[in-house]
Amino acid sequence: MDKERDTPAGIDRNPTQYGDPGFSRYLRRAFLASSGFDRDDLERPIIGIADTSSDYTTCHRDMPALVEAVKRGVLEAGGLPLVFPTISLAEILLSPTAMLYRNLLAMSTEEMIRAQPMDGVVLVGGCDKTVPAQLMAAVSADLPALLVVAGPMRTGSWQGERLGACTDCRRYWLRHRGGALSEDEIHEVEQALCPTGGTCMVMGTASTMACMAATLGMMLPGGATPPSGSGDRLRQGVATGRQAVTAARNRIVPSGILTRHSFLNALTVLAALSGSTNAIVHLLAVARRARIDLSLEDFHAVSAEIPVLVDCKPAGQGYMEDFDRAGGLPALLKTLETKLHVDEKTVSGRTIRQILEDVAPPGAWQDTIRTPDRPVKPSGALCVLYGSLAPDGAVIKRGAASPALLRHRGPAVVFESPDDVAARIDDPALVITPDSVLVLRNAGPVGAGMPEAGSLPIPRRLAAQGVTDMVRVSDARMSGTAYGTVVLHGSPEAAVGGPLALVRDGDIVELDVEARRIDLCVETDELERRRASFRPPPPPERGWRWLYTQHVLPAHQGADLDFLV
Ligand code: FES
């Protein structure tokens, strides 16, 4: 038995190497004495707290108080909390996309967990990519670890209408592009969309991944939905701090929690939430790190069975505070109890079955968490497609698509990159009709770090005619807050020679969601001729982007770096 790994060794874990362990221990105590820690403090289990606060990450602006709450919980349970910063990923303020840096956050967090002395860790995240990165780090470090999130924003309002980021951001922007909203009006909307600290308050990627972390058992029950800055949220921080000490003492590690069954539970909840398509890429990455067999087909199979039960935008009408008031994730798990593997363990030290013994079913007074006989949408909200345009798979969120477009043939209008979309989508010379299929390429993991560019804007002149949706196909991702008939994550991606690289303007693209097909209707001989002239884009010159491009795995394998899985 590895004594060091099974007994909290506090400040003496991971010694700095001077060739003299006694000197290392003595020096650590000397420097920590400067922070006011005495011998008694340093006898306690040490709980590292990974803090992703940043002025750039506005979604985390209430995080300092949450971190203080976690620290208090650690102290109450007899541990010593030591906060350390990691990079923070602000979804809206990072270029070209926060996704390019998910693996960097995962890698840096894992390395700091390994390199610094700690017996357990609390990972404090929230904004879209932070939670998956922290899950990936926790799995790879395999130290006792709990996640806690900033929590969602509360809703705002404009002219009497309730507003939330960012499903309503998109809806109002589309109206502005179509000329229905003036500059002054869109400015007023802009000021009302994000009224408090916290993550996007719809079922976007942040909310989805918080629910995924809790369902996987890596977060305390009830931790996914309380609003940012609320008493509930702070109490969740305190409880997490306390439990981190227990988890460290009892060696409750991710490898003892995560199983294929716990991932299938997460997929069940993902389907019931009609959660973000980004969760597919993230869960595949976390599962690969945990050496758990999980594939795109698992997502399709579970979604085909589970209806959408939570009425949150973008698939429904409500917001995260409605979901929270209705009982939040525990009440949803209670509704899904017969569909879950309830003997899976969690960081609370209890199984899901034991947790649900204390949870009441959603009350009849609420309408946000539905029963399977009265769902928000039928099963099959998330579909995995294959075909000549995506031999390794693509994804469509049927629950957020237009029913009339789920079977569609149309001529392609091809864009070479997200920049090309920005430059030409409103070009009056662009030959385009509502039946056209917008094709975006070179926006996959290798091509561009996989930005959320897949939900291409409707061309302004069509928006002005009242067109609100068109078929769009790409190797990009889409924000979890977005909607439309959007085929995403096309794999293999164009930048490595996937079929998206071969599409030309005017080619017929055929989508048939029922048949699970996305096809390019061009003769094989012609495609081979085009393939012979394919040249991959030049790689970035240096730094992280070079490393990422050399080693990133395809989307259908989670887009992690090949040397980290
Ligand atoms: Fe941070 Fe939406 S931008 S959660």
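One-based numbering, in listed order, for ligands and for the atoms of each.
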Quiz item: Is there a donor-acceptor contact under 3.5 Å from the side chain of D560 to the main chain of V552?
Solution: no

Practice problem: Please identify which atoms of ligand 1 are closer than 4.0 Å to at least one heavy atom of D128. | Solution: 2 (Fe), 4 (S)

Exercise. Mark up the atoms of ligand 1 that fall under 4.0 Å of a heavy atom belonging to E91, in ascending order.
Key: 3 (S)

Self-check item: Interfacing atoms of ligand 1 (cut-off 4.0 Å, heavy-atom, A206)
Solution: 4 (S)

Practice problem: Before accepting this row, confirm whether a basic side-chain N of the pair D128/R477 lies closer than 4.0 Å to the acidic partner's carboxylate O. | Solution: no

Quiz prompt | Given I113, T130, T86, the one that forms side chain to side chain contact (heavy atoms under 4.5 Å, CB included) with L123 | solution = I113

Quiz item: Which protein non-hydrogen atom lies closest to atom 2 (Fe) of ligand 1, naming both residue and atom, and how far is it?
Solution: C200 SG, 2.2 Å

Practice problem: Under 4.0 Å, heavy atoms only, figure out whether ligand 1 is touched by the backbone of I92, its side chain, both or neither. | Solution: side chain

Self-check item: atom 1 (Fe) of ligand 1: angle it makes with SG (C59) and SG (C127), nearest 10 degrees
Solution: 110°

Self-check item: Heavy-atom donor-acceptor pair, R175 side chain to R170 backbone, under 3.5 Å
Solution: no

Self-check item: Verdict with reasoning, L273 to V308, per side chain to side chain contact (heavy atoms under 4.5 Å, CB included)
Solution: CA-CA 6 Å; L273 297 173; V308 179; over 6 Å; no

Practice problem: Using a strict cut-off of 4.0 Å, indicate which atoms of ligand 1 neighbour a heavy atom of T199. | Solution: 4 (S)

Self-check item: S88: which of D55, T57, T52 passes side-chain hydrogen bond (donor to acceptor under 3.5 Å, both in side chains)
Solution: T57

